[in-house]
Amino acid sequence: MTEKIETNETTVAGNFIRAIIEDDLKTGKHSQIITRFPPEPNGYLHVGHAKAICHNFGVAEDYAGLCNLRFDDTNPEKENDEYVQAIKENISWLGFKWNGEPKYASDYFEKLYEFAEWFISHDLAYVDDLTPEQMREYRGTLTKAGTNSPYRERSIEENLDLFRRMKAGEFADGAKVLRLKIDMASPNMNLRDPAIYRIKRAHHIRTGDKWVIYPMYDYTHCISDALEGITHSCCSLEFEDHRPLYDWVVDKLFTAGLLPARPRQIEFSRLELGYTVTSKRKLNQLVTEGIVSGWDDPRMPTIAGMRRRGYTPDGIRLFAKRCGISKSPNHVDVPFLETAIREDLENNVPRVMAVLKPIKVTLTNYIDGETGSREAGFHPNHPEFGSRLCELTKEIYIDSDDFQEIPEKGFQRLTLGGEVRLRHSYVIKCDEIIKDADGKIIELRCSIDSNTLGKNPEGRKVKGVIHWVSCTKSVKATVRLYERLFTEQAPDSVEGRDFKEFINPHSLETITAYIEPAILNAKPEDRFQFERVGYFVADRYDYHGPDGELVFNKTVGLKDTWKK
RNA sequence: UGGGGUGUCGCCAAGUGGUAAGGCAUCGGAUUUUGAUUCCGACAUUCGUAGGUUCGAUCCCUACCACCCCAGCCA
C-alpha cells in the first residue's frame, strides 16, 4: 500500500524519486537512505543548485536519512578553495546540515588508484598513448562505431608498469591516459573506452602536488558514492547516458567484493530560470568582465546573489518545493520565484514608509504642536513587531507616482483638487501646484482635514491611501533598484548571438530615498517592507554608504494589480 | 539514417485501466487607512498526433510528430 501523499502545500508533492525511496524503504532494500550533494568547487552555486540542494537534503530530512556534502574536486585546474567556502556557507544559509564533515572526492584518491590497478589487473583498463585528436577519430561518431586503439591490447604487465610510471611522473602532461576497456562499438558514446585518468601537473586544493594523475568524473563519482554508502544518487538528466557506465564500474568492483554498496543513480531535469543564465562558465564571465560586481551581485542568480538581494532561505525553499521534481523540461519564470519570496516576507518583515521619488508637499494648515500624529504598528497582523510614531510635519515628501495633475482613468491617488489619505495620518486635499520655470512640479500645497486622524471623513469616502515621510524627520538612504539582468528570456540560446548582447542596461539604478527614522538602527540583512512599494534589505556588506547613510537593496516589488 | 530522454491548462506538476489533484498566473466578488495581504468563487469533456486492444485508455499496443541530451585527457 503506497501511502498517499497529501496534495496541499503543507506537505511536499509526490514525485517519482520519493516514490522510489518510499518503495525501497518499504521493501527493506534500505533501512536508511543516504543522498549526497556533489558540487564541483569551480564556481558559486546558483538557483539550479538550490533546487538540487533542497531536493537532496530535503529528501534525507523527510525520510530520516542523511545527506553528504561531497566536493567533486577531480579537476584541480578549475577548482579553488574560495568556492569551497562559499558553497558551505550557501548550504548552511539555506538551512541544511550535511552528514558529518564535508567530504571530498580527493579523500578517495588512494582508493581510486588501487581500484584502477585492479581494473588493469583484470584486463579491464589500459594505458593509451593516443593524442586527444587521434582519440576523437578512433571514437567514431554518433552513427559510426569507433575502432580500437592500437594500444588496447597491451599486456597487463605493461599496462601496470605504464600506469605506475604515469603516477610517478615519468610522462609529460597529456602524454597518456588510462582508459576502461568496454566497447568501442557501443551505441552509447560513454561506453567507448572512457578515459578515467589523465596526467596533469596542477596544484590541487587538498592534495597539493602529491598527484600528477587525476581520476575523472565518471570513474570517481560512482565509486565515491559507493564508498559513502549513498543509496540514491540524484543528478541531472544529462547524466542519464552515463548511468550504464556508473553501473558498469560499480558492478565490477562490487562483485569483486571491493565496494560496500551499490548506489542507484536517478536523474531529474534541471531548473531553467527565465531571463538569466545559469552556466558557471557564463556567470564567471559576468564576474571577471566586470559586468556585475561579483558572484554575489544582487542581480546574479547565485545563492550568494539572491541572499544579497534579500531573498530568504524559506522563500527559496518554498520556490523549490513548488517547482517539484520531474524529468520533463521545466522553464520557470522569475515571477514564480518572486511570489515565493514575497510570500515568506509578507508575514515576517516589519513595514515602514519610504519615499523613493520625492515631491515636496506643504501642509498649509498644519499647526505645530496642535496637529496630531499617530502611533502605528510595524505590521498590521503582528502587534508583537511593535510600533512607532508616524510623526507628521508641515513639510512632507510623497512619491511623485502618487500625484497626477490630470488623473488618468481609475487613478485613486492625489490629484489637483482631490483628496487622499496619508497612510497612518490625515486625509489631505491638494489645493495648489507649484511649478518651476520649465513647468516641472516642485511642490504641492495641500490642506489637512483635521477631523480624519484615526477616523473616516464625514459624508464622503476617500479611497486612495498614499505613503509619505516627514521632510525633517526622515533619513536619507541609498536605495538600489534592480531589474532583470537580461532582456531576453533565454539569453544563451539565441542563434548566432552572444548572451552578453542581451545585458539589460537598466538592471541597476541607484537613488536616494527618504525613509522613516524608525529604520535608523537597521542592521545588515535586516529586511523591511516599504509600504506600497516592495521589500528591501539592508545590504549585507556596504550597508553604510560614503556619507554614512544606510544602503538598501530592492528585493522584490509588491504585487501591483493597478497596471497602466 | 546511432543511443538515451521528454511531451497532462499560460507556467510548474500529480495521477495511471474506471472516467483529469494541487500550486503559480488569470478572471470575478467581499473585506481593507498598503490598488498589498486575507477571504470566497470561476478556471483542461481533456492528457503531442493517428490508429488499435478494451464495456471503458491520459494510463496497454503500434506508427508517427516535436523538443532536449551524448562524439572533453570537463563535471
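So you know, we letter chains A, B, ... as the sequences are listed, proteins then strands, and number each from 1. Because the structure is a prediction, the values reported are computed rather than measured.
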Sort out for me which residue in A/Arg421, A/Lys455, A/Arg460, A/Lys429 forms a salt bridge (charged side-chain N to carboxylate O under 4.0 Å, His left out) with A/Asp449.
->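 Output: one option passes, namely A/Arg460.
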
Okay, side chain of A/Asp72, backbone of A/Pro41: is any donor-acceptor separation there less than 3.5 Å?
->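 Side chain of A/Asp72 to backbone of A/Pro41: no pair is present.
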
Would you call the rings of [X] and [Y] parallel, tilted or perpendicular, where under 30° means parallel and over 60° means perpendicular?
X	Y	value
A/Phe385	A/His382	parallel
A/Phe119	A/Trp248	parallel
A/Phe530	A/Phe552	perpendicular

Just call it for [X]: base, sugar-phosphate, or nothing, with non-hydrogen atoms closer than 4.0 Å on any strand.
X	result
A/Met353	nothing
A/Gln412	base
A/Pro335	nothing
A/Gly410	base
A/Phe411	base
A/Thr141	base
A/Arg136	sugar-phosphate

Partners meeting side chain to side chain donor-acceptor pair (under 3.5 Å) with A/Arg154 (sequence neighbours left out) |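 So A/Arg154 forms a side chain to side chain donor-acceptor pair (under 3.5 Å) with A/Asp129.
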
Please step through ring-ring contact (aromatic ring centres under 6.0 Å, His included) for the pair A/Phe71 and A/Tyr104, ending with a clear verdict.
-> CA-CA 5 Å; A/Phe71 290 97; A/Tyr104 295 81; 5.2 Å; yes

Give a yes-or-no answer on whether the side chains of A/Asp225 and A/Tyr246 include a donor-acceptor pair shorter than 3.5 Å.
-> yes

Note: for A/Thr131 and A/Asp333 on RNA chain B, the residue whose nearest nucleotide lies more 5' is A/Asp333

Distance between C1' atoms of B/C65 and B/C74 (Å, rounded) | 35 Å

Is the ring of A/Trp562 stacked on the base of B/G35, with centres less than 5.5 Å apart and planes under 30° off?
-> yes

Nucleic acid footprint by protein, nucleotides 38-43 of chain B - heavy-atom cut-off 4.0 Å, B for base, S for sugar-phosphate alone = ------

Whether each nucleotide of nucleotides 4-10 of chain B has a protein heavy atom under 4.0 Å at its base (B), only at its sugar-phosphate (S) or at neither (-) is summarised, 5' to 3', as SSSS---

Output all residues satisfying ring pair (Phe, Tyr, Trp, His ring centres under 6.0 Å) with A/His204, sequence neighbours left out; order by chain, then residue number.
-> A/Phe109, A/Tyr214

Any residue meeting ring pair (Phe, Tyr, Trp, His ring centres under 6.0 Å) with A/Phe411, in chain and number order, not counting sequence neighbours = none

Find out whether the Lys NZ or Arg CZ of A/Lys280 is both under 6.0 angstrom from the six-membered ring centre of A/Tyr44 and within 45° of the ring's axis.
-> no

Would you indicate, yes or no, if B/U33 has its OP1 or OP2 atom less than 4.0 angstrom from a side-chain nitrogen or oxygen of A/Arg374?
->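 Result: no.
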
Please state how far atom CG in A/Asn381 lies from atom P in B/U31, giving the value in whole angstrom units.
-> 17 Å

Treat a base pair as Watson-Crick or G-U wobble with both distances under 3.5 Å, then lay out RNA chain B in dot-bracket form, 5' to 3', with | for cross-strand pairs.
-> .((((((..(((.....[...))).(((((.......))))).....(((((..]....))))))))))).....

